[in-house]
There are 2 protein chains.
Amino acid sequence: MNTNHLCLGILSLGDASGYEIKKAFEETFSHFQATSFGSIYPALAKLTEQGLVSFHEETQEKRPTKKVFTITQEGQAHFYQTLLKAEPTEQYRSDFLFLMMFAHLMPREHIEALLNKQTDHLKMELGILERIITECQTLTPGMRFTLEYGIIGNRALLELMQQRSMPLIEEIDAARSPQAL
Amino acid sequence: MNTNHLCLGILSLGDASGYEIKKAFEETFSHFQATSFGSIYPALAKLTEQGLVSFHEETQEKRPTKKVFTITQEGQAHFYQTLLKAEPTEQYRSDFLFLMMFAHLMPREHIEALLNKQTDHLKMELGILERIITECQTLTPGMRFTLEYGIIGNRALLELMQQRSMPLIEEIDAARSPQAL
DNA sequence: ACATACATGTAAATAGTTACATGATTTC
DNA sequence: GAAATCATGTAACTATTTACATGTATGT
């Protein structure tokens with residue numbers, strides 16, 4: 001799954017400009033996919049070249065002209081094949097967890113700061129997901145599922161952070177103190 | 001955080017060869033970090049060049065000779081600075097969730113297959129994490145925390161998969177059937 | 001005056017994976 | 001006889017991010 005596939009997918013849900021596709025990834029899909037302008041614009045150019053999408057320019061008042069992309073029938077058929085053939089991969093990369101492995105080497109204040117930052121991060125993401133699932137009316141069943149998936153995961157992790165942060169800090173401090181005595 | 005940092009971190013826990021570092025990422029840390037030989041060997045060469053690690057060759061019987069790397073004092077100091085300065089980033093990329101957004105376009109059997117595959121994936125990872133946390137005796141408090149983090153997250157998601165998979169399929173089928181009648 | 005939102009696009013830099021090359025030993 | 005494990009390393013390829021370039025309008 002690369003940016004080409006992601007763009008085709010978003011366009012299968014409705015017309016959009018490159019800028020709007022980026023916004024969708026920043027908002028609705030940010031918890032499980034991300035991409036940048038530097039990937040999106042070349043992707044849309046390539047999809048147009050391949051005849052999988054087409055576009056028309058829309059001149060706006062007090063806004064720059066935008067290119068609105070539409071998925072073609074070939075694009076729809078191509079995306080359908082992608083859906084059936086894709087080998088879904090999962091990847092989670094966390095610097096936070098890697099750093100926590102070495103918490104015993106850090107000053108107490110720094111461990112606290114890292115734990116607080118991660119807690120805030122989880123809270124923020126949870127807030128976004130809950131807002132979308134309650135406010136947005138036009139979700140497909142699958143989208144509602146992806147939002148629930150994110151909410152359930154983040155809630156469980158937040159609970160863990162709230163229960164285990166202090167005990168972890170105390171445990172590391174306890175292991176340190178013998179040298180101080 | 002790049003492969004250089006990851007290697008330094010692993011070596012701060014004890015001496016290891018490139019091959020052993022790769023194994024560590026396949027086993028113990030696979031739920032939140034990954035890397036490949038093509039990244040590890042150049043990283044170790046660069047760290048050696050910078051004087052952050054040193055190595056000695058160990059000839060083995062019935063096994064190829066291996067280079068065992070040791071973190072130097074400079075390496076330890078450098079890693080400590082990394083721990084304090086690092087801006088921890090989180091990234092989760094899931095093709096599974098992206099595909100689920102378009103479940104309404106797929107045949108029922110395909111949705112089922114995707115959900116089953118994801119469930120199996122979560123079960124397998126959960127099994128690995130639970131085995132490590134019970135069997136491994138030499139874990140730092142931080143490592144135990146990272147394992148718990150993975151376990152709690154996966155358990156919550158598995159429960160969701162078990163509760164929501166069938167309802168999701170039924171809901172999508174129900175939305176489809178009016179056309180069939 | 002400065003930052004942000006809107007809007008498109010390119011190019012360089014970064015980083016990583018995959019495949020290849022080599023070779024012994026063990027297991028199925 | 002084939003595949004897996006142990007062991008190191010390089011090179012090509014792939015993909016993505018970051019920074020740059022350009023310009024209007026709005027908000028602080």
Side-chain angles (χ1 to χ4, degrees), chain A residues 1-8 10-11 15-27 29-30 32-49 53-69 86-87 89-95 98, chain B residues 1-8 10-11 15-27 29-30 32-49 53-69 86-87 89-95 98:
Chain A
M1 285 279 177
N2 58 31
T3 303
N4 288 36
H5 296 130
L6 299 182
C7 288
L8 255 198
I10 304 304
L11 292 175
D15 294 358
S17 66
Y19 193 85
E20 286 160 356
I21 290 173
K22 175 73 193 307
K23 268 205 311 188
F25 279 105
E26 272 169 4
E27 293 163 13
F29 317 127
S30 63
F32 63 89
Q33 292 289 338
T35 191
S36 60
F37 287 131
S39 298
I40 290 171
Y41 287 118
L44 290 171
K46 203 178 173 187
L47 291 170
T48 305
E49 211 182 89
V53 305
S54 63
F55 69 90
H56 66 271
E57 298 209 327
E58 235 170 63
T59 46
Q60 301 173 108
E61 276 180 63
K62 310 201 177 184
R63 287 281 157 80
T65 297
K66 64 179 176 181
K67 283 187 179 181
V68 176
F69 291 86
E87 288 285 344
T89 58
E90 293 279 300
Q91 61 172 85
Y92 174 56
R93 289 301 102 87
S94 171
D95 285 352
F98 184 75
Chain B
M1 284 279 174
N2 58 30
T3 303
N4 289 36
H5 296 130
L6 299 181
C7 288
L8 254 198
I10 304 304
L11 292 175
D15 294 358
S17 66
Y19 194 85
E20 286 160 357
I21 291 172
K22 174 72 194 304
K23 267 206 309 188
F25 280 106
E26 272 169 3
E27 292 163 13
F29 318 127
S30 63
F32 63 89
Q33 291 290 339
T35 191
S36 60
F37 287 130
S39 297
I40 290 171
Y41 287 117
L44 291 170
K46 203 177 173 188
L47 291 170
T48 304
E49 211 182 90
V53 304
S54 64
F55 69 90
H56 66 270
E57 298 210 327
E58 234 169 64
T59 46
Q60 302 173 107
E61 278 179 61
K62 310 200 176 184
R63 289 279 156 81
T65 297
K66 65 179 176 181
K67 283 188 181 179
V68 176
F69 290 86
E87 288 285 344
T89 57
E90 294 278 302
Q91 63 173 84
Y92 173 57
R93 289 299 101 88
S94 171
D95 284 353
F98 184 75

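Worth saying up front: this structure is predicted, and the values here are computed from it rather than measured. Every chain is numbered from 1, with letters handed out A, B, ... down the list of sequences.
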key: Phe55(B) CZ to Thr48(B) OG1 distance, which is reported to the nearest 0.5 Å   = 6.0 Å
inquiry  = If you compare all heavy atoms of Asn4(B) against all heavy atoms of Leu47(B), which two are closest, and at what distance to 0.1 Å?
reply    = O-CD1, 3.8 Å
remark   = So, with a heavy-atom separation below 4.0 Å from DNA chain C, the residues of residues 34-43 of chain A are Gly38(A), Tyr41(A)
ask   = Between dT22(C) atom P and Tyr19(B) atom OH, what is the distance in whole Å?
value = 19 Å
Quick test: give all pairs of protein nitrogen or oxygen and nucleotides 22-24 of chain D nitrogen or oxygen below 3.5 Å, distance rounded to 0.1 Å.
none

query = Atom CD of Glu61(B) and atom P of dA7(D): how far apart are they, to the nearest Å?
reply = 13 Å
query = Does a side-chain N or O from Lys23(A) land closer than 4.0 Å to OP1 or OP2 of dA5(C), or not?
reply = no
task = Might you confirm whether atom CD of Gln60(A) has over 12 heavy atoms from other residues, nucleotides or ligands at distances under 6.0 Å?
result = yes
key: Gln33(A) side chain vs Ser94(B) backbone, donor-acceptor pair below 3.5 Å   = yes
For atom NZ of Lys22(A) and atom C1' of dT4(C), their distance in whole Å = 14 Å
ask   = What's the CD1-P distance between Ile21(A) and dT16(D), to the nearest Å?
value = 14 Å
Distance in angstrom units between Asn2(B) CG and dT17(D) C1', rounded = 15 Å
request  = Give the dot-bracket string for DNA chain C, reading 5' to 3', where a pair is Watson-Crick or G-U wobble with both distances under 3.5 Å, ( ) marks pairs inside the strand, [ ] marks pairs crossing earlier ones, | marks a partner on another strand, and . marks unpaired.
outcome  = ||||||||||||||||||||||||||||
Under 4.0 angstrom between Gln60(B) side-chain N/O and dA7(D) OP1 or OP2 = yes
message = Pick the closest DNA chain D nucleotide for Arg93(B) and for Arg63(B) by heavy atoms, then say which residue is nearer the 5' end.
response = Arg63(B)
request  = Just jot down the side-chain hydrogen bond (donor to acceptor under 3.5 Å, both in side chains) partners of Asp95(B), sequence neighbours excluded, or say none.
outcome  = Thr89(A)
task = Name all residues meeting the side-chain hydrogen bond (donor to acceptor under 3.5 Å, both in side chains) criterion together with Glu26(A); count only those two or more places apart in sequence or in a different chain, and write none if there are none.
result = Lys22(A)
request  = State which residues pass side-chain hydrogen bond (donor to acceptor under 3.5 Å, both in side chains) with Lys66(B); sequence neighbours excluded, sorted by chain then number.
outcome  = Glu20(B)
message = How long is the straight-line distance from NE2 of His56(B) back to CG of Asp15(B), given to the nearest 0.5 Å?
response = 7.0 Å
ask   = When the distance from NZ of Lys46(B) to C1' of dT14(C) is rounded to whole Å, what number comes out?
value = 11 Å
For the student: nearest non-hydrogen atoms of Leu44(A) and Gly18(A), plus distance = CD1-CA, 3.6 Å
task = Could you state the atom-to-atom distance from CG of Leu44(B) to C1' of dT8(D) in whole Å?
result = 11 Å
query = How long is the gap from OG1 on Thr35(B) to CG on Asn2(B), to the nearest 0.5 Å?
reply = 9.0 Å
ask   = Mind checking whether Phe25(A) and Phe29(A) have parallel, tilted or perpendicular rings, split at 30° and 60°?
value = perpendicular
key: Atom pair distance, as rounded to whole Å: NZ in Lys66(A) and P in dA25(D)   = 17 Å
